Amino acid sequence: MTLKNYTGIIGALLVIAGGLSPMLHIPIIGNWNYWDLDTVLASIIYTLATLALIASASNKRGLLRFCGWSILLVLGFTFVAVYFKVDNYFSFIPFKKLAAAASRIIHYRWMGWALIATGGLIMILFSGKNKK
């Protein structure tokens with residue numbers, strides 16, 4: 001195995017670690033990781049990370065690059081969906097200022113988001129062709 005194989009494995013492990021770390025904090029409920037945000041998107045991310053582990057170990061550079069781009073795409077979609085969900089989470093409150101104040105108590109935990117994005121970028125950057 002080459003250095004690119006090991007960096008692909010590290011990128012996939014970063015994606016898995018980022019999915020397990022907190023991504024959102026709701027004061028009474030607590031921290032939410034990727035699985036708590038959405039189970040379907042989390043299972044897609046974990047499946048792509050597992051596929052990236054296999055691709056990196058078996059030296060499939062194209063599959064590793066595809067997994068990296070797919071992870072970044074799903075992560076971006078998740079971020080936009082969570083942003084709009086947090087923005088409209090307290091829309092049942094009839095007073096707009098009170099609803100806006102209530103939605104400001106929900107905080108993002110950026111470590112999980114950053115680990116997933118870094119892992120996806122590492123998979124893309126280090127999936128180049130081998131120089132002979």
Side-chain angles (χ1 to χ4, degrees):
M1 287 182 47
T2 63
L3 181 64
K4 289 185 179 186
N5 293 82
Y6 289 119
T7 54
I9 290 172
I10 289 170
L13 292 177
L14 280 175
V15 169
I16 293 171
L20 294 175
S21 59
M23 300 177 82
L24 202 65
H25 178 75
I26 302 172
I28 295 173
I29 297 172
N31 292 326
W32 282 9
N33 58 10
Y34 215 127
W35 195 261
D36 295 326
L37 291 176
D38 189 74
T39 56
V40 174
L41 293 174
S43 61
I44 291 171
I45 288 288
Y46 293 140
T47 303
L48 286 170
T50 306
L51 193 61
L53 277 172
I54 294 168
S56 183
S58 63
N59 207 16
K60 304 286 184 190
R61 304 277 182 222
L63 182 60
L64 184 63
R65 187 179 301 117
F66 170 76
C67 289
W69 282 112
S70 299
I71 285 171
L72 289 180
L73 182 71
V74 172
L75 182 69
F77 175 76
T78 304
F79 183 75
V80 170
V82 166
Y83 176 77
F84 285 119
K85 180 69 175 177
V86 166
D87 193 39
N88 294 325
Y89 194 71
F90 295 102
S91 63
F92 63 90
I93 298 175
F95 304 110
K96 297 293 180 189
K97 288 188 179 188
L98 185 60
S103 67
R104 282 193 300 268
I105 64 171
I106 299 174
H107 298 287
Y108 292 97
R109 299 288 184 201
W110 294 107
M111 183 58 72
W113 299 97
L115 283 175
I116 295 173
T118 304
L121 286 174
I122 285 174
M123 283 189 271
I124 292 168
L125 293 176
F126 289 98
S127 65
K129 295 187 178 191
N130 287 336
K131 294 180 182 177
K132 294 182 182 180

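If you're wondering where the values come from, they're calculated on a predicted model, not measured in any experiment.
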Indicate, with yes or no, if [Y] and [X] share a hydrophobic cluster defined by side-chain heavy-atom contacts under 4.5 Å among Ile, Leu, Val, Met, Phe, Trp and Tyr.
X     : Y     : value
Val82 : Trp32 : yes
Leu24 : Tyr83 : yes
Ile54 : Ile10 : no
Val74 : Phe84 : yes
Leu51 : Ile71 : no

> Just one of Leu37, Thr39, Asp38 clears the side chain to side chain contact (heavy atoms under 4.5 Å, CB included) bar with Trp35, so which one?
Replying inline: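 The option that passes is Thr39.
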Going from [atom1] on [X] to [atom2] on [Y], what distance comes out if it is rounded to the nearest 0.5 angstrom?
X      : Y      : atom1 : atom2 : result
Thr50  : Ile45  : OG1   : CD1   : 11.0 Å
Ile26  : Ile106 : CD1   : CD1   : 5.0 Å
Leu53  : Leu64  : CG    : CG    : 9.5 Å
Leu72  : Phe77  : CG    : CZ    : 15.5 Å
Lys4   : Ile9   : NZ    : CD1   : 14.5 Å
Phe126 : Asn5   : CZ    : CG    : 12.5 Å

> Yes or no on side chain to side chain contact (heavy atoms under 4.5 Å, CB included) for Leu48 and Val15, after CA distance, side-chain angles and deciding distance?
Replying inline: CA-CA 9 Å; Leu48 286 170; Val15 169; over 6 Å; no
>> If you apply the rule side chain to side chain contact (heavy atoms under 4.5 Å, CB included), what do you find for Tyr6 with Ser56, and how did you get there?
In response: CA-CA 7 Å; Tyr6 289 119; Ser56 183; over 6 Å; no
>> Thr78 vs Met23, test: side chain to side chain contact (heavy atoms under 4.5 Å, CB included). Steps then yes/no.
In response: CA-CA 11 Å; Thr78 304; Met23 300 177 82; 5.7 Å; no
Of all the heavy-atom pairs spanning [X] and [Y], show the shortest one and how long it is.
X     : Y      : result
Ser21 : Met111 : OG-C, 4.4 Å
Arg61 : Ser127 : CB-O, 3.4 Å
Pro22 : Asn31  : CB-CB, 3.7 Å

>> Would you call the rings of Phe79 and Trp113 parallel, tilted or perpendicular, taking 30° and 60° as the class edges?
In response: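 Judged by the thresholds at 30° and 60°, the geometry between Phe79 and Trp113 is perpendicular.
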> Got a sec: does the CZ of Phe66 have more than 12 other heavy atoms crowding it under 6.0 Å?
Replying inline: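 Incorrect, the count does not exceed 12.
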> Does some side-chain heavy atom of Asn33 sit less than 4.5 Å from a side-chain heavy atom of Asp36?
Replying inline: yes
>> Are Tyr34 and Ile16 packed together at the side-chain level, in the sense that at least one heavy-atom pair is separated by less than 4.5 angstrom?
In response: no
